[in-house]
Visitor: 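Could you have a look at this structure, given as structure tokens, before my questions?
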Amino acid sequence: MRQRTWTVVVPVKRLGVAKSRLRGALPAVPHEELALALAADTVAAVRACPAVAGVVVVTRDARVAAAVRAARVRVVPDAPDAGLNAAFRLGAAVAAGGGGWVAGLTADLPALRPAELTAALHAIAAGPPGVRRFVADAPGSGTVLLAAPAGVPLDPRFGVGSAVAHEAGGALPLAGDWPTLRRDVDTAADLAAAARLGLGPHTAALTAARAG
Ligand SMILES: Nc1nc2c(ncn2[C@@H]2O[C@H](COP(=O)(O)OP(=O)(O)OP(=O)(O)O)[C@@H](O)[C@H]2O)c(=O)[nH]1
Ligand SMILES: C=C(OP(=O)(O)O)C(=O)O
């Protein structure tokens with residue numbers, strides 16, 4: 001897919017309350033730095049994907065907004081402040097203005113490789129027309145990516161058990177060997193698994209600081 005036909009929505013929670021299950025995973029690193037690094041690496045990988053025309057980051061956090069600002073990134077204040085799905089809906093409404101495909105992606109994918117995201121987006125666009133698709137996380141119960149064709153509402157149902165919820169809502173699961181896309185980081189064990197895949201530079205710098 002050579003054309004940039006996708007807008008990707010990435011909600012990021014306020015750093016002080018984000019990724020609470022990960023708190024203490026890197027004892028020498030302030031938790032907010034770790035949460036910020038995960039988001040920064042995720043957004044950088046999305047920006048590097050040739051299929052992506054734009055990124056919409058939905059956040060109330062000024063540090064996140066400052067860190068992700070770059071070409072093709074639009075920061076939208078999480079004005080509803082009503083949870084992850086409300087943030088996805090807001091971002092999707094903004095992204096729909098682009099007129100292409102819209103994808104919602106979680107911001108906790110620090111090992112994400114642009115080539116894997118590109119492959120997943122390509123598979124979605126080449127699949128059955130008019131249908132929402134999702135990519136489950138590594139354990140299979142959650143969702144890392146939900147995609148909707150132009151004109152179809154994203155209808156996000158993220159949260160515990162979201163893979164079942166998305167399928168029940170009519171989205172089709174996408175099979176594919178994309179370990180860095182599926183590797184969301186909720187716990188210290190997830191972070192270790194992501195490190196084995198290869199972390200993006202922001203998160204890698206923090207884990208290196210711990211080692212040193
Ligand atoms: N803008 C926004 N983003 C959110 C919100 N809730 C979660 N997110 C983001 O959505 C992604 C996936 O959510 P979770 O894995 O549940 O993250 P979390 O709520 O920060 O983590 P826990 O506290 O451990 O449950 C993370 O990258 C969060 O930053 C929200 O209310 N608003
Ligand atoms: C937000 C989700 O889950 P988790 O918090 O486990 O990443 C999800 O998978 O929809």
Side-chain angles (χ1 to χ4, degrees), residues 8-26 30-46 55-68 73-95 103-112 117 120 132-148 154-169 171 173-174 178 180-191 193-194 199-200 202-203:
V8 180
V9 178
V10 185
V12 186
K13 210 171 185 175
R14 279 177 292 125
L15 295 175
V17 292
K19 305 313 305 179
S20 60
R21 287 166 283 173
L22 199 55
R23 194 170 278 280
L26 300 178
H31 180 69
E32 296 195 6
E33 299 295 328
L34 178 55
L36 179 61
L38 301 182
D41 281 330
T42 304
V43 172
V46 176
V55 187
V56 177
V57 174
V58 184
T59 189
R60 291 174 75 80
D61 196 293
R63 280 191 74 197
V64 173
V68 301
V73 177
R74 178 166 175 187
V75 177
V76 175
D78 185 359
D81 198 16
L84 179 54
N85 288 315
F88 269 124
R89 282 191 293 272
L90 173 65
V94 172
L105 187 75
T106 60
D108 54 1
L109 309 174
L112 179 61
L117 178 59
R132 288 157 55 251
R133 305 298 300 268
F134 71 94
V135 176
D137 62 7
S141 57
T143 304
V144 292
L145 174 78
L146 174 68
L154 190 63
D155 190 13
R157 302 176 185 204
F158 285 79
V160 175
S162 62
V164 166
H166 284 134
E167 199 160 1
L174 199 64
W178 305 306
T180 72
L181 173 59
R182 295 186 192 273
R183 183 66 279 162
D184 58 347
V185 169
D186 294 321
T187 65
D190 294 339
L191 183 59
L199 293 164
H202 298 91
T203 312

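Atoms within each ligand, like the ligands themselves, are counted from 1 in listed order. Atoms considered below: every heavy atom in the structure, side chains included; atoms not considered: hydrogens, waters and symmetry mates.
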Visitor: By number and element, which atoms of ligand 2 are closer than 4.0 Å to a non-hydrogen atom of Gly142?
Guide: 9 (O)
Visitor: Tell me whether Val160 has any N or O atom under 3.5 angstrom from an N or O of ligand 2.
Guide: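 Checking ligand 2 against Val160, no N or O pair falls under 3.5 Å apart.
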Visitor: Please walk me through it: do Leu36 and Asp61 pass side chain to side chain contact (heavy atoms under 4.5 Å, CB included)?
Guide: CA-CA 10 Å; Leu36 179 61; Asp61 196 293; over 6 Å; no
Visitor: Between atom CG of Asp108 and atom CG of Leu22, what is the distance when rounded to the nearest 0.5 Å?
Guide: 9.0 Å
Visitor: Do any N/O atoms on Thr106 end up under 3.5 angstrom from N/O atoms on ligand 2?
Guide: no
Visitor: Nearest to atom 2 (C) of ligand 1, what protein heavy atom do you find, and at what distance?
Guide: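 It is Asp78 OD2, 3.4 Å.
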Visitor: Taking distance alone, with no angle check, do Ala18 and ligand 1 share an N/O pair under 3.5 Å?
Guide: no
Visitor: Please check: side-chain N/O of Arg133 versus main-chain N/O of Pro173, any donor-acceptor pairing under 3.5 Å?
Guide: yes
Visitor: Looking at atom 9 (O) of ligand 2, what's its closest protein heavy atom, distance included?
Guide: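 Atom 9 (O) of ligand 2 sits closest to the protein heavy atom Thr143 N, 2.9 Å.
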Visitor: Can you tell me which residue and heavy atom of the protein come closest to atom 6 (N) of ligand 1, and the distance to 0.1 Å?
Guide: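 Scanning the protein heavy atoms, the shortest distance from atom 6 (N) of ligand 1 goes to Lys13 CD, 3.6 Å.
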Visitor: When only distance counts, is Thr59 in polar contact with ligand 1, meaning an N/O pair under 3.5 Å?
Guide: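 No - when backbone and side-chain N and O of Thr59 are compared with those of ligand 1, no distance drops under 3.5 Å.
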Visitor: Determine whether Arg132 and Asp155 satisfy the following criterion, side chain to side chain contact (heavy atoms under 4.5 Å, CB included), listing intermediate values before the conclusion.
Guide: CA-CA 9 Å; Arg132 288 157 55 251; Asp155 190 13; 3.7 Å; yes
Visitor: If you measure from CG on Leu112 to CG on Leu199, what distance do you get to the nearest 0.5 Å?
Guide: 12.0 Å
Visitor: Quick one: look up the protein heavy atom nearest atom 8 (N) of ligand 1 and list residue, atom name and how far away it is.
Guide: Leu84 CD1, 3.6 Å
Visitor: Working note: Arg14 + Asp81, criterion side chain to side chain contact (heavy atoms under 4.5 Å, CB included); need CA distance, chi angles, decisive distance, verdict.
Guide: CA-CA 10 Å; Arg14 279 177 292 125; Asp81 198 16; 4.1 Å; yes
Visitor: Show the numbers, then the answer: is there a side chain to side chain contact (heavy atoms under 4.5 Å, CB included) between Val57 and Arg74?
Guide: CA-CA 6 Å; Val57 174; Arg74 178 166 175 187; over 6 Å; no
Visitor: With atoms numbered from 1 as shown, which atoms in ligand 2 lie under 4.0 angstrom from a non-hydrogen atom of Phe158?
Guide: 10 (O)
Visitor: Out of curiosity, His202 NE2 to Leu34 CG, how far, rounded to the nearest 0.5 Å?
Guide: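 Answer for the NE2-CG pair, His202 versus Leu34, is 13.0 Å.
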Visitor: Counting each atom of ligand 1 from 1 as listed, which ones have a heavy atom of Val58 under 4.0 Å away?
Guide: 1 (N)
Visitor: Quick one, Thr106 with Asp184, criterion side-chain hydrogen bond (donor to acceptor under 3.5 Å, both in side chains). Give me CA distance, side-chain angles, the key distance, then yes/no.
Guide: CA-CA 8 Å; Thr106 60; Asp184 58 347; 5.3 Å; no
Visitor: Where is the tightest heavy-atom contact between Pro110 and Thr203, given as atom of each residue plus distance?
Guide: CB-OG1, 3.5 Å
Visitor: Could an N or O of ligand 1 be found under 3.5 Å from any N or O of Thr106, whether backbone or side chain?
Guide: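 No, since none of the N or O atoms of Thr106 sits under 3.5 Å from an N or O of ligand 1.
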Visitor: Which heavy atom in Phe88 sits nearest to a heavy atom in Gly104, and how many Å separate them?
Guide: CE2-CA, 3.4 Å
Visitor: Go through ligand 1 atom by atom and flag the ones less than 4.0 Å from a non-hydrogen atom of Asp108.
Guide: 15 (O), 27 (O)
Visitor: Between Arg63 and Glu33, does at least one N-O distance fall below 4.0 Å, as a salt bridge requires?
Guide: yes
Visitor: Using a strict 4.0 Å cut-off to heavy atoms of Leu84, name the atoms of ligand 2 that fall inside it.
Guide: 1 (C)
Visitor: Give me the nearest non-hydrogen protein atom to atom 3 (O) of ligand 2 as residue plus atom name, then the distance to 0.1 Å.
Guide: Gly159 O, 4.2 Å
Visitor: Any side-chain to backbone donor/acceptor pair from Thr42 onto Leu109? Under 3.5 Å, distance only.
Guide: yes
Visitor: One residue to check: Asp186. Relative to ligand 1, which of side chain, backbone, both or neither has a non-hydrogen atom less than 4.0 Å away?
Guide: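 Contact part for Asp186 vs ligand 1: side chain (C-beta onward).
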Visitor: Evaluate Leu22 for polar contact with ligand 1, using N/O atom pairs at a separation under 3.5 Å.
Guide: no
Visitor: Check for me whether Arg21 has a heavy atom closer than 4.0 Å to any atom of ligand 2.
Guide: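 Yes, that is the case, since the closest heavy atom of the residue is under 4.0 Å from the ligand.
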Visitor: To the nearest 0.1 Å, how far is atom 6 (O) of ligand 2 from its closest protein heavy atom, and which atom is that?
Guide: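 It is Asp186 OD2, 3.1 Å.
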Visitor: For Ala87, which part has a heavy atom under 4.0 Å from ligand 1: side chain, backbone, both, or neither?
Guide: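 Just the side chain.
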Visitor: For atom 17 (O) of ligand 1, what is the closest protein heavy atom, and at what distance to 0.1 Å?
Guide: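 Sorting protein heavy atoms by distance from atom 17 (O) of ligand 1 puts Lys19 NZ, 3.5 Å first.
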Visitor: Which atom names give the shortest non-hydrogen contact between His166 and Leu146, and what distance separates them?
Guide: NE2-CD2, 3.6 Å
Visitor: Which atoms from ligand 2 have a heavy atom of Asp184 less than 4.0 Å away?
Guide: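 That gives atoms 7 (O) of ligand 2.
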Visitor: Please state which protein non-hydrogen atom is closest to atom 26 (C) of ligand 1 and give its distance, to 0.1 Å?
Guide: Ala107 N, 4.3 Å
Visitor: Quick one: nearest non-hydrogen protein atom to atom 23 (O) of ligand 1, plus distance?
Guide: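 Atom 23 (O) of ligand 1 sits closest to the protein heavy atom Ser20 OG, 2.5 Å.
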Visitor: Write out the residue and atom name of the closest protein heavy atom to atom 25 (O) of ligand 1, then the distance separating them to 0.1 Å.
Guide: Arg21 NH2, 3.0 Å
Visitor: If you look at every heavy atom in Ala65 and Thr59, which pair is closest and at what distance?
Guide: N-CG2, 4.2 Å
Visitor: Just need the protein heavy atom nearest to atom 10 (O) of ligand 2, so name the residue and atom and give the distance.
Guide: Ser162 OG, 2.6 Å
Visitor: Measure the CG-CG distance between Leu145 and Asp137 for me, rounded to the nearest 0.5 Å.
Guide: 12.0 Å
Visitor: Which protein heavy atom lies closest to atom 9 (C) of ligand 1, and at what distance to 0.1 Å?
Guide: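 Result: Pro11 O, 3.5 Å.
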